[in-house]
Undergrad: 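Handing you this structure, nothing more for now.
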Amino acid sequence: QVHLVESGGGVVQAGGSLTLSCVASGRTFDLFDVAWFRQAPGKERDFVAGINWGGSNIRHADSVKDRFTISKDAKNTVQLRMNSLKPEDTAVYYCAAVQYGLGHRRSNEYQYWGQGTQVTVSS
């Protein structure tokens with residue numbers, strides 16, 4: 001019912017910036033929580049940042065909290081601004097959402113997922 005599409009990934013030098021977008025369709029995002037996760041080859045899918053649709057609950061993983069910023073720029077769009085990128089940020093980045101959620105950080109707490117967008121940071 002809810003479709004999420006990520007965009008904005010690419011290849012960037014260490015220290016550079018990228019902005020990812022997640023566009024949702026199919027249902028209203030009222031009472032939804034939306035988050036970004038990332039997964040590198042051979043590793044688990046890790047929480048990056050999350051935001052509830054009212055914008056009152058915003059959180060970032062410790063590894064990115066001073067470099068990445070999640071925001072809601074349109075009614076159906078969530079952005080992830082990534083600054084000072086490091087090679088260890090290289091991963092597939094996924095957008096996820098759950099209805100009635102608030103403040104989640106675990107992948108198994110999210111119901112809807114996008115297809116992912118690749119971010120590669122070169123040294």
Side-chain angles (χ1 to χ4, degrees):
Q1 292 294 326
V2 174
H3 300 278
L4 306 175
V5 179
E6 305 96 332
S7 63
V11 180
V12 64
Q13 295 182 71
S17 299
L18 285 173
T19 298
L20 307 182
S21 295
C22 174
V23 178
S25 62
R27 286 184 180 175
T28 178
F29 261 22
D30 289 349
L31 302 178
F32 273 65
D33 188 275
V34 180
W36 288 94
F37 290 79
R38 65 186 182 185
Q39 187 168 24
K43 297 186 177 180
E44 65 184 5
R45 188 169 297 184
D46 291 329
F47 173 82
V48 177
I51 185 170
N52 72 306
W53 211 242
S56 61
N57 186 276
I58 301 173
R59 65 277 185 198
H60 300 82
D62 289 343
S63 59
V64 306
K65 63 182 180 181
D66 295 323
R67 301 183 295 119
F68 293 9
T69 303
I70 189 170
S71 64
K72 180 174 65 69
D73 294 338
K75 186 174 182 178
N76 66 336
T77 303
V78 171
Q79 307 283 326
L80 183 68
R81 173 71 175 180
M82 305 186 295
N83 295 320
S84 301
L85 283 161
K86 305 174 181 179
E88 51 263 45
D89 295 318
T90 295
V92 177
Y93 283 69
Y94 297 90
C95 181
V98 61
Q99 193 174 22
Y100 310 124
L102 179 65
H104 297 319
R105 293 176 178 262
R106 297 170 60 88
S107 61
N108 61 9
E109 295 174 316
Y110 288 85
Q111 182 178 9
Y112 304 103
W113 292 84
Q115 82 291 343
T117 185
Q118 176 71 47
V119 173
T120 301
V121 184
S122 61
S123 300

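Along the sequence shown, the residues carry numbers beginning at 1.
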Undergrad: Considering all heavy atoms of both residues, which atom of R38 and which atom of A91 are nearest to each other, and what is their separation?
TA: CB-CB, 3.8 Å
Undergrad: Search all heavy atoms of W113 against all heavy atoms of S107 and return the closest pair with its distance.
TA: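 Where W113 meets S107 most closely, the heavy atoms are CZ2-O, 3.4 Å.
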Undergrad: So does G103 get a backbone contact from the side chain of D33, meaning a donor-acceptor N/O pair under 3.5 Å?
TA: yes
Undergrad: Identify the heavy atoms of R67 and S84 that sit nearest to each other, and give their distance.
TA: NH1-O, 3.0 Å
Undergrad: Can you confirm whether I51 sits close enough to F32 that some side-chain heavy atom of one is under 4.5 Å from a side-chain heavy atom of the other?
TA: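 No, every pair of side-chain atoms sits at 4.5 Å or beyond.
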Undergrad: Please test I70 against H60 for side-chain contact (heavy atoms from CB on, under 4.5 Å), starting from the C-alpha separation and ending with a verdict.
TA: CA-CA 8 Å; I70 189 170; H60 300 82; 3.5 Å; yes
Undergrad: Assess whether a salt bridge exists between D73 and R81, defined as any Lys/Arg side-chain N lying under 4.0 Å from an Asp/Glu carboxylate O.
TA: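 Not counted as a salt bridge, because no side-chain N and carboxylate O are separated by less than 4.0 Å.
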Undergrad: Donor-acceptor pair, distance only, cut-off 3.5 Å: does the side chain of T90 make one with the backbone of V121?
TA: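 Checked: pair present.
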Undergrad: Evaluate side-chain contact (heavy atoms from CB on, under 4.5 Å) for V119 paired with M82, printing each intermediate quantity in order.
TA: CA-CA 10 Å; V119 173; M82 305 186 295; 3.9 Å; yes
Undergrad: With distance as the sole test, does N52 use its side chain to make a donor-acceptor pair with the main-chain N or O of N57 at under 3.5 Å?
TA: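 Here the side-chain-to-backbone pair exists.
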Undergrad: For residues 70-104, which residue pairs pass the ring-ring contact (aromatic ring centres under 6.0 Å, His included) check, not counting sequence neighbours?
TA: H104-Y110
Undergrad: Residues two or more places apart in sequence or in another chain: which of them pass side chain to side chain contact (heavy atoms under 4.5 Å, CB included) with S122?
TA: Q13
Undergrad: Of all heavy-atom pairs between V34 and A97, which one has the smallest distance, and what is that distance?
TA: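 Taking every non-hydrogen atom into account, CG2-CB, 4.2 Å.
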Undergrad: For L85 and F68: C-alpha separation, side-chain torsions, deciding distance, then whether side-chain contact (heavy atoms from CB on, under 4.5 Å) applies.
TA: CA-CA 9 Å; L85 283 161; F68 293 9; 3.8 Å; yes
Undergrad: Identify the heavy atoms of E6 and W36 that sit nearest to each other, and give their distance.
TA: CG-CZ3, 3.7 Å
Undergrad: Looking only at heavy atoms, which two atoms of N83 and S17 are closest? And how far apart?
TA: OD1-OG, 2.8 Å
Undergrad: About how many Å separate CD of Q115 and OG of S7, when rounded to the nearest 0.5 Å?
TA: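 CD of Q115 is found 8.5 Å from OG of S7.
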